[in-house]
Every structure is written in C-alpha cells, then in structure tokens.
Amino acid sequence: MPENSAGTMTPRRPAGTLYRGREGMWSWVLHRITGVAIFFFLLVHVLDSSMVAVAPGAYNAVIDTYKNPLMGLGETALVAAIVFHAFNGIRIILIDLWSKGTKYQRVMFYVVIGLWVVAMLGFAPRHLINVFSEMGH
Amino acid sequence: MSTTIQSPRAPFSVPRKRGVNWEKWGWIYMRASGVVLIILIFGHLIVNLLLGDGIKSIDFAFVAGKWASPFWQVWDLLMLWLAFIHGGNGMRTIVNDYATKPLTRKILLGAILVSVVAEIVLGTVVIFAFDPCPAGGPADLLPSFCPVNQ
C-alpha cells in the first residue's frame with residue numbers, strides 16, 4: 001500500500017463515497033462501455049464502407065457478412081448501445097445545463113431506460129426478421 | 001515597511017493559465033456534437049435499417065445511389081467527422097483516467113490520434129472520390145443510373 005504525505009496508509013477501498021453504486025454510477029459505467037464499443041465498431045464500419053472504392057463485388061461481399069443472423073444479433077446489440085448512449089447523453093446535458101437536472105438525475109435515468117426499451121421494441125423485431133429471413137439466400 | 005495581510009476568509013484563487021481553454025471547448029464539443037449526432041445517426045439507422053427491406057437491400061448500388069446525392073454525401077461526411085472527433089475525445093478521456101504510466105498513456109493517445117485521423121481522411125476521400133459506375137463493373141451490381149444500365 002502506498003504511503004501518503006501524512007504518513008498514513010491509503011486504504012485500497014474508500015470507506016464509502018457519494019458516487020459509488022446506484023443509478024448515477026451505473027449510467028456512467030454504461031455510457032463508457034457503450035461509447036468504447038461504438039468507437040471500435042466505427043473503426044471497422046469506415047473500412048467496410050471503403051470497399052465501394054475498391055470494387056462493387058468487394059463491397060457486396062463484405063456487406064453480405066453483415067446479413068447473417070449472428071451478425072444481425074451483433075447489430076441489434078450495437079443499436080442498443082447507440083440508443084442508450086444517445087438518450088443518456090441527453091440526460092447528461094440536462095444534468096449539466098438544466099437548473100433542476102441534478103435533482104432529477106435518478107428519475108431521468110429511468111426515463112432513459114424506458115425510452116430505450118420502447119426504441120428497441122421498435123427496432124429489434126424488424127431488424128431480426130430482416131436478418132433471419134435472409135437465411136439460406 | 002507595510003505588508004497587507006489578507007483576511008483569513010479571503011477566497012484563494014489560482015490564477016488562470018493564459019490561452020485557449022481546450023478542455024472547456026472539448027466539454028462543449030461533446031455536448032454540441034452529441035446532439036447533432038443523435039439526429040444524423042438515428043436518420044442513418046432509420047433509412048438504412050428500418051425503411052423498406054432494411055439491411056437486405058444494402059449493396060453497392062444502394063450506397064452508390066445514396067452518394068449520388070450531395071444531401072447524403074454531406075450527411076455522411078458530417079457524421080464521419082463529428083463521430084470520430086467525439087469518439088476520439090471520449091477515448092482520450094478514458095485513457096487519461098486509467099493509463100497511469102506516462103509512456104503507456106502517450107502510446108495509447110498517439111494510437112487514438114493516428115486512427116481517428118486515418119479514418120476521417122479515408123472516409124472523406126471515399127465519399128467524394130469513389131466511382132459509382134466503375135468501368136468494367138458488372139451491370140447487375142451497378143446502380144440503375146449508370147450508362148451500362150441505360
């Protein structure tokens with residue numbers, strides 16, 4: 001354990017902080033995880049889209065891999081990540097700029113989850129039907 | 001000799017560094033670009049994955065048809081630039097939080113910068129420089145407006 005300037009040992013775990021646990025922390029954790037996931041997808045997505053500059057057949061070959069059911073599940077997870085990141089991003093902006101933002105941050109977290117469920121109920125069935133009906137083609 | 005002794009309760013203020021406050025502008029950028037990206041990306045997902053047959057109809061002709069219009073070129077260009085700078089800045093924040101060794105941090109930040117710049121350049125070139133009707137391209141793969149399909 002590192003020793004600090006006061007000569008006492010720094011405990012590895014803080015005894016308890018205002019920020020640990022609950023909605024505030026979990027929304028922060030999810031915002032980071034979804035952000036990183038979207039970033040890495042973006043790196044790949046620009047590369048696969050760039051195949052249009054190589055040859056029509058090359059682009060079609062790579063985009064066809066996006067149409068198999070396994071990738072379709074991945075795309076559904078990706079859209080879930082994007083929608084959460086988007087709605088929670090609005091929540092963060094409201095916490096920062098709206099005078100009552102901090103007071104309602106917990107309520108807004110559940111609003112984010114609610115809107116996310118509604119959006120995914122709209123997206124997931126439609127996309128999965130498209131992807132699974134493509135099977136065997 | 002006279003010395004002014006400040007009141008004990010006088011607030012202590014650290015003099016602000018001169019120059020542009022980049023962290024502040026980064027903070028503002030994340031929020032401003034975030035709002036625009038919600039519109040751009042939701043529009044992108046609706047048009048490409050929800051309307052019509054969704055992902056099933058995406059192929060070379062679909063993309064070439066979209067980028068034949070300056071509207072979608074600008075849409076995708078904005079999405080590319082805003083998203084990569086937003087994502088790169090987010091990754092920078094995360095690296096600064098977790099990378100404790102200076103060398104590790106430098107390497108990771110450098111990798112983020114290089115990949116963001118490379119992807120933005122590549123994407124920008126592709127959106128504007130690709131040929132929707134490449135010579136010798138199979139007619140059935142090309143969009144309907146290409147000369148071979150007229």
Side-chain angles (χ1 to χ4, degrees), chain A residues 31-64 66-68 71-72 75-76 78-79 82-83 85-90 92-94 96-97 119 122-124 126-134 137, chain B residues 27 30-35 37-39 41-42 44-46 49-50 52-64 67 76 79-80 83-84 86-88 90-91 93-94 97 112 115-116 118-120 122-127 129-134 136-143:
Chain A
H31 205 76
R32 291 214 148 174
I33 293 174
T34 52
V36 172
I38 296 163
F39 181 79
F40 280 108
F41 168 72
L42 233 51
L43 294 177
V44 179
H45 191 44
V46 169
L47 295 180
D48 65 59
S49 302
S50 298
M51 289 298 124
V52 295
V54 175
Y59 180 77
N60 287 354
V62 74
I63 205 69
D64 277 347
Y66 279 91
K67 298 175 187 174
N68 85 58
M71 289 292 276
E75 286 138 28
T76 310
L78 175 75
V79 170
I82 292 170
V83 173
H85 200 87
F87 291 167
N88 193 55
I90 296 174
I92 292 173
I93 294 173
L94 287 173
D96 288 337
L97 302 179
F123 176 80
R126 197 172 164 81
H127 184 65
L128 291 175
I129 287 168
N130 280 337
V131 165
F132 278 84
S133 66
E134 183 80 347
H137 283 254
Chain B
W27 185 94
M30 291 308 267
R31 279 142 189 86
S33 64
V35 172
L37 279 167
I38 292 176
I39 299 163
I41 293 175
F42 278 32
H44 177 74
L45 292 173
I46 289 167
L49 297 183
L50 284 180
D53 284 333
I55 197 167
K56 280 199 272 184
S57 50
I58 301 181
D59 55 14
F60 180 83
F62 178 90
V63 179
W67 286 344
D76 287 358
M79 206 159 55
L80 175 77
F84 267 108
H86 185 105
M91 293 295 286
T93 306
I94 292 175
D97 275 357
I112 292 167
S115 46
V116 164
E119 296 261 339
I120 287 180
L122 175 67
T124 305
V125 169
V126 167
I127 290 175
F130 100 105
D131 184 357
C133 308
D140 58 325
L141 298 187
L142 300 184

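All values below come from the heavy atoms of this structure, side chains included, with hydrogens, waters and symmetry mates left out. Fair warning: this is a prediction, and the values are worked out from it, not measured in the lab.
- Of the two parts of B:Leu80, only the side chain, counted from C-beta on, holds a non-hydrogen atom closer than 4.5 Å to a non-hydrogen atom of chain A.
- Heavy-atom distances place the side chain of B:Ile38, and not its backbone, under 4.5 Å from chain A.
- Residue pairs meeting the salt bridge (charged side-chain N to carboxylate O under 4.0 Å, His left out) criterion with at least one partner in residues 32-44 of chain A, sequence neighbours excluded, are A:Arg32-B:Asp97.
- Rounded to the nearest 0.5 angstrom, A:Phe39 CZ and B:His86 NE2 are separated by 11.5 Å.
- In this structure, B:Arg31 CZ and A:Asp96 CG are separated by 4.5 Å, a value rounded to the nearest 0.5 Å.
- Of the residues considered (B:Leu37, B:Leu50, B:Leu49), B:Leu50 shows the highest number of contacts with chain A, using heavy-atom pairs under 4.5 Å.
- Residue A:Leu97 touches chain B through its side chain alone, counting heavy-atom pairs closer than 4.5 Å.
- Counting heavy atoms from C-beta outward, A:Leu47 and B:Leu122 have side chains that approach closer than 4.5 Å.
- Scanning both residues, A:His45 and B:His44, for their nearest heavy atoms gives NE2-NE2, 4.0 Å.
- One finds the OG atom of A:Ser49 at 10.5 Å from the CZ atom of B:Phe130 (value rounded to the nearest 0.5 Å).
- Across A:His85, A:Met51, A:Arg126, the residue that shares the most heavy-atom pairs under 4.5 angstrom with chain B is A:Arg126.
- Considering CD of A:Glu75 and CD1 of B:Ile55, their distance stands at 4.0 Å, rounded to 0.5 Å.
- Taking all atoms of both residues into account, the shortest heavy-atom contact from B:Val35 to A:Ile93 is CG2-CD1, 3.6 Å.
- Neither the backbone nor the side chain of B:Phe62 comes within contact range of chain A, judged by heavy atoms closer than 4.5 Å.
- B:Val125 does not touch chain A: none of its heavy atoms, backbone or side chain, sits under 4.5 Å away.
- Proximity to chain B (any heavy atom under 4.5 Å) is shown, for A:Leu43, by both the backbone and the side chain.
- Heavy atoms closer than 4.5 Å to chain A are found in the side chain of B:Leu142, but not in its backbone.
- Proximity to chain B is limited to the side chain of A:Val79, based on heavy atoms less than 4.5 angstrom apart.
- Separating the OH atom in A:Tyr66 from the CD1 atom in B:Ile58 is a distance of 10.0 Å, to the nearest 0.5 Å.
- Options B:Asp131, B:Val116, B:Asp59 differ in how many heavy-atom pairs under 4.5 Å they form with chain A, and the most are formed by B:Asp59.
- Atom CE of B:Met79 sits about 8.5 Å away from atom CG of A:Leu42, to the nearest 0.5 Å.
- Contact tally against chain B (heavy-atom pairs below 4.5 Å) for A:Ser50, A:Gly89, A:Ala53: the top residue is A:Ser50.
- When heavy atoms are compared at a cutoff of 4.5 Å, B:Leu45 approaches chain A solely by way of its side chain, counted from C-beta outward.
- Counting only distance, with no hydrogens or angles, the side chain of A:Asn60 and the backbone of B:Phe60 share a donor-acceptor pair below 3.5 Å.
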